[in-house]
Novice: 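Here it is: the structure, laid out below.
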2 protein chains.
Amino acid sequence: MTKTTVGAYLVSRLHEVGVRHVFGVPGDYVLGFMDQILESPIELVGTCNELNAGYAADAYARLNGVGAVCVTYAVGGFSLLNAIAGAYAERVPVIAVCGGPNQRDREQRRLLHHTLGDYDIQVEVFKHVTEMSVLLQDPEEAPGQIDEAITRALRARRPVFLELPADIASQACVAPQPLPEPELLESDVDATREAVQEAVRMLSEAKKPVILGGVEVHRFGLRRELEALIDHADIPVATALMGKSVIAETHPKYIGLYCGALSEEYVRATVEDSDCVLSLGAWMSDINLGIYTAAIDPLSLVHASADQVRIKHHYFDGVQLGDFLVELREALPAGAGGPRDIEPATRVLDQNFEANPADEIRIARFFERMNFFLTEDHVVLADAGDSFLCAGDLIMQEKVGFICQAFYCSIGFTLPGALGVGMADRSLRPVVFIGDGAFQMTAQELSSLIRQRVHGVVFLMNNQGYTVERVIHDGPYNDIQNWAYHRLPDAFGGAESAVVRTEGELEEVLARIEAVPDRLYFVEVQLDPLDCSAALKRLGKEIGRQQGLS
Amino acid sequence: MTKTTVGAYLVSRLHEVGVRHVFGVPGDYVLGFMDQILESPIELVGTCNELNAGYAADAYARLNGVGAVCVTYAVGGFSLLNAIAGAYAERVPVIAVCGGPNQRDREQRRLLHHTLGDYDIQVEVFKHVTEMSVLLQDPEEAPGQIDEAITRALRARRPVFLELPADIASQACVAPQPLPEPELLESDVDATREAVQEAVRMLSEAKKPVILGGVEVHRFGLRRELEALIDHADIPVATALMGKSVIAETHPKYIGLYCGALSEEYVRATVEDSDCVLSLGAWMSDINLGIYTAAIDPLSLVHASADQVRIKHHYFDGVQLGDFLVELREALPAGAGGPRDIEPATRVLDQNFEANPADEIRIARFFERMNFFLTEDHVVLADAGDSFLCAGDLIMQEKVGFICQAFYCSIGFTLPGALGVGMADRSLRPVVFIGDGAFQMTAQELSSLIRQRVHGVVFLMNNQGYTVERVIHDGPYNDIQNWAYHRLPDAFGGAESAVVRTEGELEEVLARIEAVPDRLYFVEVQLDPLDCSAALKRLGKEIGRQQGLS
């Protein structure tokens, strides 16, 4: 039987499922495995710290379908935890590999550096935030465990954690056979048929049906199926915040973002006045639905999620979202949505944007301008906070991706995230919108964007503090140190950098950015500390009320 | 019965046990509790991210006896985890408080931002790395749980974790009564007497006894007892790396740092040729003992740790280190160490340091020079890596503290650590020695040192990469982006900054630092990438050998 090593087996499997870059930070327990990566076609991409490596791998996976990260024991693993928890919450398949002390040391529980007495703590901790967390301690069992972990990560769209002791990485094991196609989860045929029939009846009888596209359409790779359904049935579609860009936003049936009370009035009215809302993979989470201000009549709602369909007050278990989507299209008469006047979201592009050069930049105006800046080659990364609320109303062109962590909401995610996007597809230009408080969390990763020559654009929205918290409930804890942000690119190795305060200055910088499409550009946008979107004001007030703070 | 609120009760208890500063990052689930801190005499000190807040609280606790940190749910808690794991490994009592969703939301398992479905994950995860991790969900039970957690943290010298839901913080509970003196752990009287008698016999018969002072002398507040024993018995003393500065290093009986094969030859010979080594609270961990190159004859060893004494091959359980120290002094004849010529560690101060202005700075020379720079008002923070190996040989004056994470070894710890030291005692000047790879991990916290006007000195030892890893096993993963480090203070808000490459430049900068004792000073020390201490070369080779990498 052909032999390989456990580490090489794992590297080979990562490559096979589509991992081309592994993000990470070295440490003595993992150097051997890193050597095995270097010997493979996979590129190892260093980051400044482990949390940032995890964020990069998460964003990479959102674009690429799967991502991977590699760190050392305990100090590395525990620093990575929050990124993996975020991937778990938002269903992103990140394969985390962590070095570990040699088996012999583990058995003797020696007091090695980075250890805590009990060597099993790390793998136990990760069980809470992964689909599978396992110690690879036996070269005979390791190939099966690796295959199981990777298969489960891809099937469940969740992270997994593999702890690989330094001495096991180089031990012999069987060479990998081609990974069998992951078995698709099968739907309950009868339940699916019944759910589809009921949905068809409701949609056919409705006068004003609407589709609400959600995040799971992206996670389970169903964007084409969604588009086919819309085209076939001629039903207008809105998306929830996390589902933004699951349909090309220039599509004539796309009407805009639905986010409860935070939505534009036209979108809100169209969704909430609908007599049949077909919700496809949207999460009923707080921010996604405007802090539960969404007002969709449950008697008009067909809510399909990963493996369940809910209609009115009854459930169909074991109905896979993909099967439901396909069978619904087949069963629904063409043009079931009927002839209807709708206003496509692209309506905002009809209005020209005219800069007022002397005016100070207001955040609402800034994002209006962005609609005319973004092109097909951009991927937008909007950080948690006013950035993602404002960016939600941008129009994503055909190929434009939109990445945000609108459920887990870990601020600072998008800066390392841009590194992930930049490595996943060199032809795309990541465009980051991030507040100053968020930026300070992960600021050093700007240096990795420079180092890897990612030709992204970072818009640092400087409103001097944690503006979201200010809106919820203000106090001195929301003040932060004001940095000369635009000087950082120079300190980190050099990149184009600018600071803008007026609409005229912004226009000049945007022209320069367009003129150097192959370079990283950092722009500090100076805003009035009290300037924020109307949506954020509504959101903050609602959160404050729920927390009893206002 | 007097009433207060759960949050105010907790704040009051923190203040009572000596917490004067709480480090943290705001988030909506914890804003209410932060308001309660603001209403108290305790100062809330913001950091750029949660990991750094945890490191600051850890270093604060090492100086102050106890520290505290406060963050928001999940995104905050999980980002903090590695700092708490470090405090757990190194026995530092850090009280971590984390906000949480309202109880009603928790019961309904609503999909709130920052949550992961199962609301209990966070408190479960922290059970692995704390003395106690508890959800304060009942205002009646909370006071007892808070008292138990704080008492256990102080007794065990370990961190604890308290999750405080947003709505519970403001609910009424009984007002605190004075916290009872924590019951000291009692020694087994007979076992202690027997162990002391045997130790006295061995020490009295020995011709060349030596004491090895360890970290637990610091953690259990036994520095005076150790000094009293040394003065009484006239026995020379060395310290392990983690125990550095448990005895004033200008003490005439202090001979230097013992770290196995990494030690100076004189110290190594004195310890290893001794016919009775009395080890007091030293951890038998890898780096602490020179990666197990320590060669102390077990037949000559009396090894007392927190609650156990081991002599030769037998154990005495239930012997508290403090009781053993005191009773040993009482039972040991004065001058038991006998008349002996020893070379005190201060011998290195007898040699003058003469700068060679044109010479490039070598790391060994740099640390030789530091012995003449450090004063009584300094606290040294030496980051994991060559920084702590070199700094180990510095002479700590009477009051000088020495802080390093030599067991858990999480790089980047000392920069936020300096914030903790600076807040713990405004009269002290923290002096950080940190490598460039470590600095990049937590670089943004330099801005908090500026913001809080900490008049510290940061020596950034720039040798272009992860030098420790290079020595263990080199590869491209050990390269990092080279920053213009000295420009960062300017970007972060302004501080004195310099870059030095020659001994002459170093002299000029040291003179300026001494001239502005009330200001923060940042110095980038440019070193040859291949320049490292002889100790590191030995250490790296040994680790590499053990990991099978060389």
Side-chain angles (χ1 to χ4, degrees), chain A residues 26 28 31-32 34-35 38 44 46 48-49 51 74-75 78-79 81-82 85 88-89 111-114 116 121 124-125 128-129 166-167 170 283-287 407-410 440-441 443-444 447 451 466 469 472-473 475 477-478 480-481 483-484 487-488 490-493 543 547-549, chain B residues 26 28 31-32 34-35 38 44 46 48-49 51 74-75 78-79 81-82 85 88-89 111-114 116 121 124-125 128-129 166-167 170 283-287 407-410 440-441 443-444 447 451 466 469 472-473 475 477-478 480-481 483-484 487-488 490-493 543 547-549:
Chain A
D28 58 336
L31 296 180
M34 286 192 163
D35 282 343
L38 292 177
L44 186 63
C48 296
N49 66 35
L51 178 63
V75 292
F78 292 143
S79 297
L81 185 75
N82 187 55
Y88 182 77
L111 293 181
L112 296 184
H113 60 290
H114 304 338
L116 300 104
I121 289 179
E124 290 300 318
V125 161
H128 293 286
V129 295
D167 56 345
S170 59
W283 287 352
M284 298 298 165
S285 67
D286 59 351
I287 291 176
F407 173 45
Y408 193 62
C409 295
S410 199
Q440 290 195 2
M441 289 257 165
Q444 55 269 78
S447 97
R451 185 181 185 199
Y466 301 115
E469 311 296 339
I472 296 170
H473 182 69
Y477 34 71
N478 294 327
I480 64 173
Q481 173 82 348
W483 295 359
R487 291 194 185 151
L488 285 174
D490 196 31
F492 288 150
I543 295 186
Q547 308 285 352
L549 293 167
Chain B
D28 58 337
L31 296 181
M34 286 192 164
D35 281 344
L38 291 178
L44 186 62
C48 296
N49 66 34
L51 178 63
V75 291
F78 291 144
S79 296
L81 186 75
N82 187 53
Y88 183 77
L111 292 181
L112 297 183
H113 60 289
H114 303 341
L116 300 105
I121 288 178
E124 290 300 318
V125 161
H128 293 286
V129 295
D167 55 345
S170 58
W283 286 353
M284 299 298 167
S285 68
D286 59 351
I287 289 177
F407 173 45
Y408 194 62
C409 296
S410 198
Q440 291 196 1
M441 290 257 165
Q444 56 269 78
S447 97
R451 186 181 184 199
Y466 301 114
E469 311 296 340
I472 296 169
H473 183 68
Y477 33 71
N478 295 327
I480 64 174
Q481 173 82 346
W483 295 359
R487 293 194 184 151
L488 285 175
D490 198 29
F492 288 151
I543 295 185
Q547 307 287 353
L549 292 167

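Since this is a predicted model, take the numbers as computed values, not measurements. Side-chain atoms are counted along with the backbone in the values below, which use heavy atoms only and exclude waters and symmetry mates. Every chain is numbered from 1 and lettered A, B, ... according to where its sequence line falls, protein lines coming before strand lines.
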Novice: Heavy-atom pairs under 4.5 Å with chain A: which of Asp167(B), Asp490(B), Leu44(B) has the most?
Specialist: Asp490(B)
Novice: Need one label for Leu31(A): side chain, backbone, both or neither, based on atoms under 4.5 Å from any heavy atom in chain B.
Specialist: both
Novice: Using side chain to side chain contact (heavy atoms under 4.5 Å, CB included), reason through Val125(B) and Val129(A) one step at a time and then give a plain yes or no.
Specialist: CA-CA 10 Å; Val125(B) 161; Val129(A) 295; 5.5 Å; no
Novice: Can you label the angle between the His128(A) ring and the His128(B) ring as parallel, tilted or perpendicular, going by 30° and 60°?
Specialist: tilted
Novice: If you look at every heavy atom in Arg487(B) and Ala491(A), which pair is closest and at what distance?
Specialist: CB-CB, 4.0 Å
Novice: Looking at chain B, which one of Cys48(A), Gly475(A), Ala85(A), Ala89(A) has the largest number of heavy-atom pairs inside 4.5 Å, strictly under?
Specialist: Cys48(A)
Novice: Would you name the heavy atoms of Leu112(B) and Phe407(A) that are closest together and state the gap between them?
Specialist: O-CE1, 3.2 Å
Novice: Could you tell me the separation between the OH atom of Tyr408(A) and the CZ atom of Phe78(B), rounded to the nearest 0.5 Å?
Specialist: 5.5 Å
Novice: Can you tell which part of Tyr466(B) gets under 4.5 Å to a heavy atom of chain A, answering side chain, backbone, both or neither?
Specialist: side chain
Novice: Mind listing the closest non-hydrogen atom pair of Ala443(B) and Gln444(A) along with its distance?
Specialist: N-NE2, 3.9 Å
Novice: Return the option, out of Pro26(B), Gly493(B), Gly32(B), Ser79(B), with the maximum number of heavy-atom pairs under 4.5 Å with chain A.
Specialist: Pro26(B)
Novice: Within the structure provided, determine whether Val75(B) and Cys409(A) are in side-chain contact (heavy-atom separation under 4.5 Å).
Specialist: no
Novice: Highest number of heavy-atom pairs under 4.5 Å with chain B: which of His114(A), Met34(A), Glu124(A), Gln440(A)?
Specialist: His114(A)
Novice: Measuring heavy-atom distances to chain B, does Asp28(A) have an atom under 4.5 Å in its side chain, in its backbone, in both, or in neither?
Specialist: both
Novice: Could you walk me through whether Asn49(B) and Leu51(A) pass the side chain to side chain contact (heavy atoms under 4.5 Å, CB included) check?
Specialist: CA-CA 11 Å; Asn49(B) 66 34; Leu51(A) 178 63; 5.9 Å; no
Novice: In chain order, what residues pass the ring pair (Phe, Tyr, Trp, His ring centres under 6.0 Å) check against Phe492(A), with sequence neighbours excluded?
Specialist: Trp483(B)
